[in-house]
Amino acid sequence: MTYWEFLSENGGRFFDGTLTTAAQFFLSAIFAILFALIAGLMKLSDNVFVRSPAVVYIEIFRGTSLLVQLYWIFFVLPLFGITLEKFTAGFIAVSMNLGAYGAELVRGGIQSVPKGQWEAAYSLSMSPAKRMWRIILPQALVNMLPPWGNLLIELLKATALVSLISVADLMFEAKQINGSTFLSAQAFGTALIIYYIFARLIVTPFMRWMERVMARKMGRV
Amino acid sequence: MEDYSNYPLQLDATDRPMVRFQNVTKRYGALTVLDNLNLDVAEGEMISIIGPSGSGKTTVLRMLMLERIQGGVIYVDGTPLTHEAKGGKLVEASERYLRKAREPIGMCFQHFNLFPHFTALQNCMEGPVQVLGLSKKEARERSEELLEMVGMIDKKDQHPSRLSGGQQQRVAIARALAMRPKVMLLDEVTSALDPEVIGEVTEVIKKLVKEHNLTIMMVTHQMGFAADISDRVCFFYGGRIEEQGPPKELFGNPQKERTQQFLSAVKSAD
Ligand SMILES: Nc1ncnc2c1ncn2[C@@H]1O[C@H](COP(=O)(O)OP(=O)(O)O)[C@@H](O)[C@H]1O
Ligand SMILES: [Mg+2]
């Protein structure tokens with residue numbers, strides 16, 4: 001069987017898997033950004049009751065393996081009465097894990113904004129929330145974008161683990177195809193190429209575009 | 001704990017400077033920077049604060065806008081700024097009270113601190129729209145008027161990164177004025193500038209003094225400029241006012257030895 005025959009026979013399944021991976025990626029990315037923002041802001045709080053939960057979250061999710069976290073969320077949480085569908089458990093686990101890394105980026109990005117910016121915003125009597133949203137975060141975002149680009153690539157790769165709880169993503173389909181055709185090189189090779197294209201032709205260019213947009217906002221073009 | 005019962009909840013109309021520091025003490029950890037400072041600034045008065053580096057000049061301004069104090073009370077326009085009245089007594093002000101009480105104060109910084117992601121015009125509109133609740137249209141009109149005054153209307157759509165230091169500082173002055181402050185704090189606003197553009201900023205400050213009924217407190221190293229436009233000059237030394245008076249007297253006939261030393265040191269450096 002040529003590679004083209006292999007593809008035309010299994011292309012539909014690769015396509016379905018890719019769609020699921022894309023969905024896992026986008027949902028994980030959105031929630032990871034959300035978790036990162038919340039935990040990153042909480043970690044900067046002066047109040048220990050606000051700060052501590054963020055510290056604990058970041059420590060646990062960075063200090064243990066994503067696979068174990070995924071199994072916990074899918075297999076163990078039901079024992080405590082929280083049952084998630086495998087699709088949901090998948091992107092929740094991935095986003096909580098990468099969100100913990102992102103929280104450190106958010107914290108670092110905010111801390112890299114010069115103190116004078118806080119003082120200028122304060123001297124206009126801006127409320128704490130407006131100071132953060134309108135003055136500090138946009139500037140923090142500029143500093144954060146390059147490392148976030150890397151993190152989103154990591155996130156894409158991490159979504160492959162959701163196949164282990166039988167979410168029918170690209171990796172899951174590749175394994176199934178391998179199981180039925182025994183053409184490992186073709187099955188996993190195709191998956192590899194699709195992941196690579198996804199990362200380099202969609203995620204990376206998107207982040208570069210974001211960086212250009214932000215540079216323009218800063219008048220740096 | 002300091003007993004605040006000796007401090008009035010409101011200054012009497014007959015004795016009501018725009019700014020009053022009453023027995024104000026400021027510490028950073030164990031370091032006492034200002035000890036028991038007493039200073040009144042009248043409405044419409046322009047005072048210059050001079051003195052050697054580290055003498056507490058910046059701290060005087062920062063206490064009004066950015067820092068908490070460890071003793072005494074600061075009043076602005078007759079009302080306590082650092083403290084609020086609770087049950088007929090003064091207690092340390094809450095964050096929210098402080099922010100509100102500081103609304104009539106504007107500040108300009110040595111390093112301008114313009115918002116880099118906004119244009120000059122957006123920098124000026126930010127406070128009026130977000131804090132004062134003006135409509136975009138009103139805020140734009142007000143901001144354009146001020147940018148016109150500081151000679152920056154042609155560059156209103158430029159980001160700070162496209163502006164020279166002198167231009168940025170003029171925008172920063174317009175930004176502060178857009179909040180319609182009663183008191184303006186200027187902390188070495190020309191110190192970070194190239195010599196050839198200092199003039200464009202001092203011109204704007206002169207205009208301010210002439211055309212607006214602002215109370216201005218200016219920290220500066222430019223003695224000639226201070227002599228030109230101040231009603232009063234305060235010489236700080238080691239966290240206290242060593243000597244103060246009208247510029248003619250302080251510069252022309254300083255009484256204290258430290259003032260004389262400082263002034264001659266500054267003169268020989270020029
Ligand atoms: N945030 C701070 N923490 C500790 N010490 C400070 C801080 N800010 C100022 N100081 C100290 O307070 C003193 C007065 O500083 P400052 O008001 O900036 O002086 P000036 O503006 O006259 O040069 C200096 O000894 C300085 O080191
Ligand atoms: Mg200073």
Side-chain angles (χ1 to χ4, degrees), chain A residues 37 40-42 44-51 105-106 108-148 207-221, chain B residues 58 61-62 64-67 95-120 122-133 139 155 157-163 168 171-172 175-181 183-187 192:
Chain A
L37 204 55
L41 286 171
M42 282 171 69
L44 284 168
S45 168
D46 292 330
N47 184 330
V48 352
F49 296 104
V50 177
R51 199 171 57 236
L105 297 185
V106 170
I110 288 172
Q111 283 179 330
S112 70
V113 177
K115 211 169 107 242
Q117 291 293 311
W118 293 88
E119 296 183 346
Y122 184 89
S123 75
L124 295 178
S125 294
M126 295 178 83
S127 67
K130 286 202 165 142
R131 240 158 32 218
M132 186 54 86
W133 272 113
R134 297 196 48 86
I135 307 300
I136 305 302
L137 270 182
Q139 297 181 57
L141 181 62
V142 175
N143 301 333
M144 277 192 275
L145 273 179
W148 264 104
M207 293 307 289
R208 291 270 180 282
W209 174 77
M210 282 284 287
E211 284 173 32
R212 276 200 306 278
V213 168
M214 290 312 291
R216 194 152 50 236
K217 262 196 98 90
M218 304 288 278
R220 281 202 207 131
V221 182
Chain B
T58 295
L61 303 190
R62 289 179 63 89
L64 275 165
M65 187 49 108
L66 298 163
E67 311 256 353
E95 276 301 321
R96 180 181 286 270
Y97 178 92
L98 257 178
R99 202 173 73 234
K100 199 79 194 149
R102 281 165 169 161
E103 250 178 54
I105 309 175
M107 185 162 187
C108 294
F109 305 85
Q110 184 175 350
H111 296 287
F112 336 124
N113 300 352
L114 288 179
F115 305 133
H117 54 306
F118 291 158
T119 63
Q122 290 169 334
N123 264 279
C124 296
M125 290 171 60
E126 183 67 5
V129 172
Q130 298 298 328
V131 177
L132 304 181
K155 305 258 180 187
D157 295 320
Q158 298 286 348
H159 283 80
S161 56
R162 295 303 191 79
L163 302 175
Q168 289 188 55
V171 173
R175 175 177 72 177
L177 290 174
M179 297 296 285
R180 296 271 151 93
V183 181
M184 258 300 238
L185 311 175
L186 308 173
D187 187 14

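In what follows, every chain begins at residue 1, and chains take the letters A, B, ... in the order their sequences are listed. Keep in mind the model is a prediction, meaning the values are calculated, not measured.
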Subject >> Winner by heavy-atom pair count (cut-off under 4.5 Å) against chain A, out of B:Met179, B:Gln130, B:Glu103 >> reply: B:Gln130
Subject >> Contacting moiety of B:Ile105, where chain A heavy atoms sit under 4.5 Å >> reply: backbone
Original post:
Mind checking what makes side chain to side chain contact (heavy atoms under 4.5 Å, CB included) contact with A:Ala120, not counting sequence neighbours?
Top reply: B:Phe109, B:Asn113, B:Phe115, B:Arg175
Original post:
Heavy-atom distance under 4.5 Å to chain A: side chain of B:Met65, backbone, both or neither?
Top reply: both
Subject >> Non-hydrogen side-chain atoms of A:Val48 and A:Arg51 separated by less than 4.5 Å >> reply: yes
**OP:** Using a 4.5 Å cut-off on heavy atoms from C-beta on, say whether the side chain of A:Met218 contacts that of B:Ser161.
**Re:** no
**OP:** Can you tell which part of B:His117 gets under 4.5 Å to a heavy atom of chain A, answering side chain, backbone, both or neither?
**Re:** both
**OP:** Among residues two or more places apart or on two chains, list those pairs meeting salt bridge (charged side-chain N to carboxylate O under 4.0 Å, His left out) that have a residue in residues 132-147 of chain A.
**Re:** A:Arg134-B:Glu126
**OP:** Using the side-chain contact (heavy atoms from CB on, under 4.5 Å) rule, take A:Tyr122 and A:Ile135 through it: C-alpha gap first, then chi angles, then the decisive distance, then the call.
**Re:** CA-CA 10 Å; A:Tyr122 184 89; A:Ile135 307 300; over 6 Å; no
Subject >> Options B:Met107, B:Gln158, B:Arg102, B:His111, ranked by heavy-atom pairs under 4.5 Å with chain A, top entry >> reply: B:Arg102
**OP:** Any chance you could measure B:Gln110, atom CD, to B:Leu186, atom CG, to the nearest 0.5 Å?
**Re:** 12.5 Å
**OP:** Examine whether an atom of B:Leu98 lies under 4.5 Å from a heavy atom of chain A, and if so say whether it belongs to the side chain, the backbone or both; otherwise answer neither.
**Re:** both
**OP:** Can you measure from CG (A:Leu141) to CD1 (A:Ile110) and round to the nearest 0.5 angstrom?
**Re:** 10.5 Å
Original post:
What residues of residues 124-133 of chain A sit under 4.5 Å from chain B when only non-hydrogen atoms are counted?
Top reply: A:Leu124, A:Ser125, A:Met126, A:Ser127, A:Pro128, A:Lys130, A:Arg131
Original post:
Side chain, backbone, both or neither: which part of A:Gln117 has an atom under 4.5 Å from a heavy atom of chain B?
Top reply: both
Original post:
Can you tell which of B:Lys100, B:Arg62, B:Glu95 has the highest number of heavy-atom pairs within less than 4.5 Å of chain A?
Top reply: B:Arg62
**OP:** Could you tell me whether the side chain of A:Leu137 reaches within less than 4.5 Å of the side chain of A:Leu37, counting heavy atoms only?
**Re:** yes
Original post:
Of all residues at least two apart in sequence or in a different chain, which pass the salt bridge (charged side-chain N to carboxylate O under 4.0 Å, His left out) check with B:Arg96?
Top reply: none
Subject >> Pairwise distance CG(B:Leu163) to CZ(B:Phe112) - rounded to 0.5 angstrom >> reply: 10.0 Å
